Amino acid sequence: MRLVRPLVCVVLLAAAAACAPMQPAMQLGPDGQPAQRVYRIAPGDAERVRARALDSVNTLRSARGLAPLEPNAQLMAAAERHSRDMASQGRAWHFGSDGSSPIQRVARAGYRGEMRGELVSETFESELETINAWMDERDTRAILMDREARDMGFAWFQEGNGKLWWTLVVGTPERMPTPVAASSPMQGLPAPLVPGVFEEMRPRPAG
């Protein structure tokens, strides 16, 4: 009788394993590494993507006691044009194909406030993954957490292979209070940025 119970347990475990759902085989890329799933943005998803990005940034800012950002049409237009331009150049950086700087592009778009910073990225990752990547780096995090920023523009361009060119721009409307001096930042918060300081992310491969 002592041998019966272990045998029963073995049978039950085997039955449970047989009933467990089969896990799909992991797809590998040409280099033998796990292939990354392509994140596709359909035309009808644009508003949801922008809303998720804004909510994500504002949640992070709220946790640090910072004012939320508001979506701005002019900054969004500047970001969208630059995302397309980066794709045509094949490079994630802050200079336009015509040699324009972020400050010049924002002014051309009609934004009358102070341009505070620009983030760009060439990646196959989603908007939330991209924002998390920016938060992982001190310089890019400082732009998202800028105390003086109040407006945000966020846009992208997606190529046929799924690669995304993201651009995020923040600014301060006219008639904002004078920024706190960089020599005396509030405890626990990054010092105000000098207008014209911009950060980019290194390309993130697909696989």
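Keep in mind that the numbers below use all heavy atoms, side chains included, and drop hydrogens, waters and symmetry copies. Note that the coordinates shown come from a computational prediction; the quantities given were computed from them, not determined experimentally.
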Quiz prompt | Verdict with reasoning, Q74 to V106, per side-chain contact (heavy atoms from CB on, under 4.5 Å) | solution = CA-CA 7 Å; Q74 288 79 31; V106 164; over 6 Å; no

Practice problem: Could you check T172 against D151 for side-chain contact (heavy atoms from CB on, under 4.5 Å), going step by step and ending with a plain yes or no? | Solution: CA-CA 6 Å; T172 303; D151 295 330; over 6 Å; no

Self-check item: side-chain contact (heavy atoms from CB on, under 4.5 Å) between E47 and R50, worked out
Solution: CA-CA 5 Å; E47 290 304 317; R50 292 190 185 97; 3.1 Å; yes

Quiz item: Could you walk me through whether E114 and R116 pass the side-chain contact (heavy atoms from CB on, under 4.5 Å) check?
Solution: CA-CA 6 Å; E114 178 188 47; R116 296 290 297 178; 3.2 Å; yes

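One N or O on the side chain of S83 and one on the backbone of A79 form a donor-acceptor pair closer than 3.5 Å. Put simply, the side chain of S56 never gets that close to the backbone of L128: no donor and acceptor are under 3.5 Å apart. A donor-acceptor pair under 3.5 Å links the side-chain atoms of R105 to the main chain of H94, judged by distance alone. Between the side chain of R150 and the backbone N or O of R147, at least one donor-acceptor pair lies under 3.5 Å. With hydrogens and angles disregarded, a donor-acceptor distance shorter than 3.5 Å links the side chain of Q104 to the backbone of S101. Judged purely by atom type and a 3.5 angstrom limit, Y111 has no side-chain atom pairing as donor or acceptor with the backbone of A78. Side chain of R64 to main chain of L60: a donor-acceptor pair is present (N/O by atom type, distance under 3.5 Å, no hydrogens or angles).
Nearest heavy atom pair, residue M86 against residue A92, reads SD-CA, 3.7 Å. Pairing each heavy atom of R61 with each of D146, the nearest pair is NH1-O, 2.9 Å.
Among residues two or more places apart in sequence or in another chain, the side-chain hydrogen bond (donor to acceptor under 3.5 Å, both in side chains) test is passed with Q89 by D85, W93.
With M152 as the fixed residue, the side chain to side chain contact (heavy atoms under 4.5 Å, CB included) test singles out one of N72, L144, L75, L168: L168. With Y39 as reference, E127 is the one residue of E125, E127, E129, Q158 to meet the side chain to side chain donor-acceptor pair (under 3.5 Å) rule.
By the rule that hydrophobic residues join a cluster once side-chain heavy atoms approach within less than 4.5 Å of another member, I103 and V169 end up as members of one cluster. Cluster annotation: M115 is not connected to M76 through the hydrophobic network of ILVMFWY side chains, with a link wherever side-chain heavy atoms come within less than 4.5 Å. Clustering ILVMFWY residues whenever any of their side-chain heavy atoms sit less than 4.5 angstrom apart, transitively, puts I143 in the very cluster that holds M145.
A salt bridge does not link R52 to D55: none of the charged nitrogens lies less than 4.0 Å from a carboxylate oxygen.
One distance of note links CD of E148 with CG of L66; it measures 10.0 Å at 0.5 Å rounding. Atom CG of L164 is separated from atom OG1 of T130 by 7.0 Å, given to the nearest 0.5 angstrom. The distance from atom OG1 of T167 to atom CZ of F157, rounded to the nearest 0.5 Å, is 12.0 Å. Taken from CZ in R112 to CD in E174, the straight-line distance is 4.5 Å, to the nearest 0.5 Å. Distance CD/E122 to CD/E159: 7.5 Å, rounded to 0.5 Å. From I131, atom CD1 reaches atom OG1 of T59 across 10.0 Å, with rounding to the nearest 0.5 Å.
Ring centroids of W166 and F154 are separated by less than 6.0 Å, placing the two rings close together.
Around CZ of R40, the count of heavy atoms belonging to other residues, nucleotides or ligands within 6.0 Å exceeds 12.
Contact check for H82 versus E118: side-chain heavy atoms found under the 4.5 Å cut-off. Residues F95 and S100 have side chains not in contact (no heavy-atom distance under 4.5 Å, counting atoms from C-beta outward).
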